[in-house]
Protein chains: 2
Amino acid sequence: MPTIKDVAREAGVSIATVSYVLNKKAVAVSPETRRRVLEAARRIGYRANVTARNLRSSETRLIGYAWYEPPPYDAPFGRLNPILDWFAFYLARSAEQAGYHLLTFTYPPDDPTPTYDELIRTGRVDAFVLTGTVDNDPRVRFLLDQAFPFVSFGRSTEAWDFPWVDTDGRAGVRAGVEYLISLGHRRIAILGWPEDSLSGNFRLAGYCDAMEAAGLPVPDGYVLRGVHTEQAGREAFARWMEMPPHERPTAIVTVSDLMAIGIMNEARRQGVQVGRDLSVIGFDDAPMTEYLQPALTTLQQPIDEIAEALITMLEAILNKEPPAETNVLMPPRLIIRESCVPPPEQALP
Amino acid sequence: MPTIKDVAREAGVSIATVSYVLNKKAVAVSPETRRRVLEAARRIGYRANVTARNLRSSETRLIGYAWYEPPPYDAPFGRLNPILDWFAFYLARSAEQAGYHLLTFTYPPDDPTPTYDELIRTGRVDAFVLTGTVDNDPRVRFLLDQAFPFVSFGRSTEAWDFPWVDTDGRAGVRAGVEYLISLGHRRIAILGWPEDSLSGNFRLAGYCDAMEAAGLPVPDGYVLRGVHTEQAGREAFARWMEMPPHERPTAIVTVSDLMAIGIMNEARRQGVQVGRDLSVIGFDDAPMTEYLQPALTTLQQPIDEIAEALITMLEAILNKEPPAETNVLMPPRLIIRESCVPPPEQALP
DNA sequence: CAGATACATTATATCGGTCGAGCAACTATA
DNA sequence: TATAGTTGCTCGACCGATATAATGTATCTG
């Protein structure tokens, strides 16, 4: 590969001049010299070596992004992560527009900090983007502690002040419930995540908002919680079916497509036809959900916009400018498909 | 961050000695000095700066891996890429074990070479891993031309000699068809990809292998082709339903889960019950396919092993050792679920 | 015409490592 | 005892950029 020396020799100037011309800094260079340098650089196909540049400027122009460690390959429910693959794509693209690249790495799920620590100490990256943050997240704690630049897709412990962008699950679920209400539903139930799930609780709050605003009752048993599995969806549906017909929900909101699928599957097994007798809303717009029978109405996270907002935020931080905003909520998009219909005349069979 | 100078000062030796100790090179260092250096490095938490090391050794320890450019976010069928997200994870993990990291980047789908060229010329990466290679792939051509190190998940033009690992789609589909034959099927059809698809043709060849080996006829109309959409699956099924009942296939093999879903959806629409009246096999084991009704029997690509094999290959290439093998086929795993059953007594309704 | 000023360009230190060459001090050999 | 070889460590070039300080040259001023 040609170096700056080759360009200098070719153009008959010093390497400093070449550097000035190519970096268009505020140093006077005669038009003739500039032309000669540019021409020489073009001719020999010169491109500045990033490693050398990075060493000099003590940066890397690399943003660390960790994959989730998936459960063992054949674990049930293990291979469902419908959002993050695309998120990484949009993140990479936004980063490139800002002159950065993504360095993707993995870490053992039990203890992430040594991996982050090593990347910091060896000067591998300039910053991190976190995903899937939870309450009391050890990565957030560690990076805050180290005062190392990062942004996060997702919130964490409320008292911690750090830059994040998150899907507004509360507003999203609220919009979903309002949509059901607009279809005529009054008996709407929700299947959430366990109580220790931050985002699960936000989404649940959105349900409560909408029900309260519409003056609809939330009877005992309408709010169920379960882990992120298809099985949990089946079980929740079975529980609702145990209620007397005139008390059963006519519509169900969930916090994930996977759980919505469980509900749909169990409903079919029990002879309840989703999209006719029952309405269901998922969350995530996972691949394939549009091909379910009926196609699933769901809340799509605006991961493209989230990625862009995160990079904008990170850029400001790395340039030591004050970021415009450091806590951004993005409303999900309600993707209307076939699984929601007006409630049937009489209660469920 | 502490540098090698800090360690040298702390230990009372020269930076060269520190370097020798820490890199355990074959240079004589007294046990006492070694101890002092190690102790000093430990005490101040020294880790060698990778940028400096890389500049000196003119390498980056980074492997470039490009994402597919997905179609616009809301394009139909656009967000289906069930394999590559996990592949990237396994690739990153294998790379880390070999002392490398993954640099992920994107490129405009119409012209990938400038992006690859830029990464090469700026010395951003040491090598590339390609995925989704096609016949006459411009990236393969370009990298071969530049003699830049790379390995590929997937084959390309047969005459080109380059290192690749691929799923043995032929063996996989053959195994799938043999499984159907073992269930008692004799009228087995296949839905493949258009003729210009390399992997589609390999998979089709596996179908022919199995049918021929079992002495089963392949009547006109049993081999259909279509693009990678759910719609293509629906259309293929409709075509088969136009055949006289006693000629219709009792089992269908496909080259992708998405097309299998199309077949299942159209079958349901026409009152044919998959998993009772008809057997269907997919390809990929996409997320969610296990929750379809019936759960889809499919061929799972061993992407974890493929990623590992690719990195092993690449490591040898980068160390300028002759790689053990440069063309490796990995058989897919047949994931048996509910969509395949013995053929019904009489022909399809 | 000396001296100041602006402009254009170059020399060189620097970033933080690696590694070949070289130098003491000590041991082995003739 | 002189020479050669070994061991243990240091010096300094080098990787390829960037940026500061210095230098050379032309122009302007008094």
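In the text below, chain A, chain B and the rest are named by the order of the sequence lines, each starting its count at 1.
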Whole angstroms only, please: what is the [atom1]-[atom2] distance between [X] and [N]?
X: Glu59(B); N: dG16(D); atom1: CD; atom2: P; value: 13 Å
X: Ile15(B); N: dC14(D); atom1: CD1; atom2: P; value: 15 Å
X: Asp6(A); N: dG16(D); atom1: CG; atom2: P; value: 9 Å
X: Asn54(B); N: dC14(D); atom1: CG; atom2: C1'; value: 15 Å
X: Lys5(B); N: dT10(D); atom1: NZ; atom2: P; value: 15 Å
X: Leu55(A); N: dC14(D); atom1: CG; atom2: P; value: 17 Å
X: Ile4(A); N: dA17(D); atom1: CD1; atom2: C1'; value: 6 Å
X: Arg56(B); N: dA13(D); atom1: CZ; atom2: P; value: 12 Å

Checking all strands, does [X] fall into the base, sugar-phosphate, or nothing category for heavy-atom contacts under 4.0 angstrom?
X: Arg53(A); result: sugar-phosphate
X: Val13(B); result: sugar-phosphate
X: Thr17(A); result: base
X: Thr51(B); result: nothing
X: Ala16(B); result: base
X: Ser30(B); result: sugar-phosphate

Please work out whether the ring planes of Phe105(A) and His101(B) are parallel, tilted or perpendicular, with thresholds of 30° and 60°.
perpendicular
Can you label the angle between the Tyr116(B) ring and the Tyr107(B) ring as parallel, tilted or perpendicular, going by 30° and 60°?
tilted
Of all the choices, dA19(D), dT7(D), dC15(D), which nucleotide is nearest to the side chain of Ala28(B) once you look at every atom?
dT7(D)
Could you tell me the separation between the CD1 atom of Ile303(A) and the CG atom of Leu310(A), rounded to the nearest 0.5 Å?
11.5 Å
CG/Leu198(A) to OG1/Thr157(A) distance, rounded to the nearest 0.5 angstrom?
7.0 Å
Any donor-acceptor pair under 3.5 Å linking the side chain of Ser19(B) with the backbone of Ile15(B)?
no
If you compare every side-chain N and O of Asn23(A) against the phosphate oxygens of dT18(D) (OP1, OP2), does one of them come in below 4.0 Å?
yes
Taking NZ, NE, NH1 and NH2 as the nitrogens, is one of them in Glu39(B) or Arg42(B) under 4.0 Å from a carboxylate oxygen of the other?
yes
Thinking salt bridges, do Arg35(A) and Glu32(A) make one under a 4.0 Å N-O criterion?
yes
Side-chain-base donor-acceptor pair under 3.5 Å for Tyr20(A) and dT20(D):
yes
Axis bend over the full length of the helix from dC1(C)-dG30(D) to dA30(C)-dT1(D), computed from five pairs that close each end, to 10 degrees:
70°
The residue, Arg34(B) or Ser57(B), whose nearest nucleotide of DNA chain D is more 5′ is Arg34(B)
Going by the side chain to side chain donor-acceptor pair (under 3.5 Å) test, name the single residue among Thr133(B), Asn327(B), Thr326(B) that passes it with Trp164(B).
Asn327(B)
Pair Ile306(A)-Asp166(A), side chain to side chain contact (heavy atoms under 4.5 Å, CB included): steps then yes or no
CA-CA 7 Å; Ile306(A) 291 172; Asp166(A) 203 356; over 6 Å; no
Taking any atom closer than 4.0 angstrom to a non-hydrogen atom of chain B, what span of DNA chain C does the protein reach, first nucleotide to last?
dG16(C) to dG20(C)
Where Pro2(B) and Gly45(B) come nearest, the two heavy atoms and their spacing:
CG-O, 3.8 Å
